[in-house]
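What you are looking at is a predicted structure, and each value in this text was computed from that prediction instead of being measured.
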Amino acid sequence: MSDPLAEIVALLQPGAPYSKVVSGAGAWRVERAETGQPFYCVILEGASRLAVSGNEALLLQRGDFVLIPAAYSFSMSGLEKESETGIDPLTVTMLPAETRHGNPGGPVNARLLVGHFTFGSPDATLLVSLMPQLVHIRGDQRLSSIVQLLTDEARAERPAREMILARLLEVLLLEALRSTVGETAPRGILRGLGDRRLVTAIRLLHEDPGKEWTVEQLAREAALSRSAFFHRFRRVMGLTPIEYLTSWRMALAKNLLGRGNAGMHEIAEQVGYGSASAFSTAFTRFVGLPPSKYAEQRIADTPRQPTF
């Protein structure tokens with residue numbers, strides 16, 4: 001049986017090349033206006049408060065992991081009230097091993113590993129839209145073990161430190177998403193995979209995206225009436241079954257076009273269209289560019305590998 005979460009993450013092509021250790025002392029605050037980048041944070045020591053636009057403020061504790069798949073405006077701050085020292089909470093000081101926020105010489109009340117994931121997929125926006133706006137994990141034993149490895153590595157100055165951190169963060173991303181799967185997850189793929197009726201249908205769509213699926217067929221697999229399945233799928237996933245299937249087909253098609261080693265007819269067959277022209281029409285309607293033009297742009301945008 002297909003593993004939709006693994007397939008989505010593999011198609012996202014995640015990487016974690018950017019990370020740094022930051023600390024807070026006294027009253028401190030960080031405010032960011034991002035451009036939709038995937039932001040993560042691991043609490044190594046102490047505690048802090050995170051406020052993400054559109055969500056209630058979170059109290060973060062040691063061992064917590066937070067992932068924002070598409071971060072826009074958010075702020076992070078310490079728990080201490082502003083003192084009379086006259087030090088601006090937004091003060092930033094570059095120290096040898098970390099970035100200090102707040103009082104440069106005061107005792108540390110929080111230490112964090114923060115950074116950005118990168119998603120190499122050209123369809124990252126679509127795939128990220130299937131995920132929760134905010135992932136917050138606490139008290140997960142497996143995740144805590146990975147966080148401890150990250151903490152040890154972040155504090156050490158050993159060979160290949162940055163490479164090890166990047167690999168551990170990629171594992172942390174997968175584990176965090178897997179830990180979030182369930183009926184209490186926000187609307188999207190992670191909630192859908194936790195729905196005992198819908199999960200079979202979702203897996204079938206991923207296992208054979210080229211099949212001419214109908215809502216009736218999928219409803220039978222989910223042991224629901226057509227109407228009940230349709231409304232439940234849309235409520236849980238945020239898309240109708242056919243909209244989700246089309247989105248997944250287009251994501252696969254973009255990936256195949258980007259590789260440049262498959263013909264248009266072959267791609268059309270793999271993603272469920274009877275002819276290259278039918279595929280071209282559907283792709284153009286969905287993406288806004290004909291497949292051939294899209295492939296040309298992908299090739300032109302791909303950086304050339306250096307020759308030695």
Side-chain angles (χ1 to χ4, degrees), residues 15-118 132-140 143-158 161-162 164-166 168-170 172-173 176:
Y18 312 114
S19 65
K20 65 178 180 179
V21 176
V22 302
S23 61
W28 60 274
R29 188 169 73 255
V30 179
E31 297 179 351
R32 292 287 183 268
E34 303 292 344
T35 56
Q37 290 183 299
F39 170 82
Y40 66 85
C41 171
V42 180
I43 309 300
L44 305 178
E45 296 176 24
S48 66
R49 185 176 287 105
L50 173 68
V52 180
S53 178
N55 293 270
E56 291 185 11
L58 289 174
L59 175 62
L60 304 180
Q61 303 172 359
R62 180 179 177 179
D64 283 12
F65 172 77
V66 171
L67 167 68
I68 310 174
Y72 290 94
S73 60
F74 68 94
S75 66
M76 188 170 286
S77 60
L79 304 186
E80 292 188 15
K81 295 182 179 180
E82 294 190 22
S83 64
E84 298 178 358
T85 60
I87 298 175
D88 187 342
L90 296 173
T91 299
V92 179
T93 307
M94 304 304 296
L95 301 179
E98 62 189 29
T99 302
R100 173 66 55 82
H101 295 275
N103 189 342
V108 170
N109 53 44
R111 185 167 277 114
L112 313 88
L113 180 69
V114 302
H116 292 284
F117 284 104
T118 58
Q133 185 185 12
L134 173 68
V135 174
H136 176 214
I137 307 291
R138 172 182 293 164
D140 184 284
L143 208 67
S144 295
S145 298
I146 303 171
V147 168
Q148 185 59 54
L149 286 172
L150 271 167
T151 302
D152 294 343
E153 196 64 37
R155 289 173 172 168
E157 289 295 335
R158 291 178 286 205
R161 173 181 178 271
E162 297 304 321
I164 296 295
L165 279 175
L168 285 173
L169 283 164
E170 289 174 25
L172 189 61
L173 168 65

Open item on the list: Determine whether H136 and L50 satisfy the following criterion, side chain to side chain contact (heavy atoms under 4.5 Å, CB included), listing intermediate values before the conclusion.
Closed with: CA-CA 11 Å; H136 176 214; L50 173 68; over 6 Å; no
Open item on the list: Looking at every non-hydrogen atom in both residues, tell me the closest pair between A47 and L79 and how far apart they are.
Closed with: CB-CD1, 3.8 Å
TODO: Could you tell me which non-hydrogen atom of R158 sits nearest to which non-hydrogen atom of D152, and how far apart they are?
DONE: NH2-O, 3.7 Å
Open item on the list: Just verifying a value: how many Å separate L44 CG and R111 CZ, rounded to the nearest 0.5 Å?
Closed with: 8.0 Å
Task: Rounded distance (nearest 0.5 Å) linking atom CD1 of I87 with atom CG of N103 - done: 3.5 Å
Open item on the list: Working to the nearest 0.5 angstrom, can you tell me the gap between F65 CZ and D140 CG?
Closed with: 11.0 Å
Open item on the list: For the NE2 atom of H101 and the CG atom of L112, what is their distance to the nearest 0.5 Å?
Closed with: 8.5 Å
Open item on the list: For R138, give me all partners under side chain to side chain donor-acceptor pair (under 3.5 Å), at least two apart in sequence or on another chain.
Closed with: D64
TODO: Search all heavy atoms of D88 against all heavy atoms of T91 and return the closest pair with its distance.
DONE: O-OG1, 2.7 Å
TODO: Can you see which heavy atom on S23 is nearest to which on E98, and at what distance?
DONE: OG-OE2, 2.7 Å
Open item on the list: Nearest 0.5 Å, please: how far is CG in L58 from CZ in R49?
Closed with: 10.5 Å
- [ ] To the nearest 0.5 Å, tell me how far R32 CZ sits from S75 OG.
- [x] 11.0 Å
TODO: Measure across A25 and G106 and return the closest heavy-atom pair with its distance rounded to 0.1 Å.
DONE: CB-O, 3.6 Å
Task: Geometric class of the H116/F39 ring pair [parallel <30°, tilted 30-60°, perpendicular >60°] - done: perpendicular
TODO: For W28 and M76, run side chain to side chain contact (heavy atoms under 4.5 Å, CB included): C-alpha distance rounded to whole Å, both residues' side-chain angles, the deciding distance at 0.1 Å, then the answer.
DONE: CA-CA 8 Å; W28 60 274; M76 188 170 286; 3.9 Å; yes
Open item on the list: Please find the pair of heavy atoms, one from I43 and one from S48, that lie closest to each other, and give the distance.
Closed with: CD1-OG, 3.9 Å
Open item on the list: Going by side chain to side chain contact (heavy atoms under 4.5 Å, CB included), name the residues that satisfy it together with R161, two or more places apart in sequence or in a different chain.
Closed with: V21, E153, A154, E157, L165
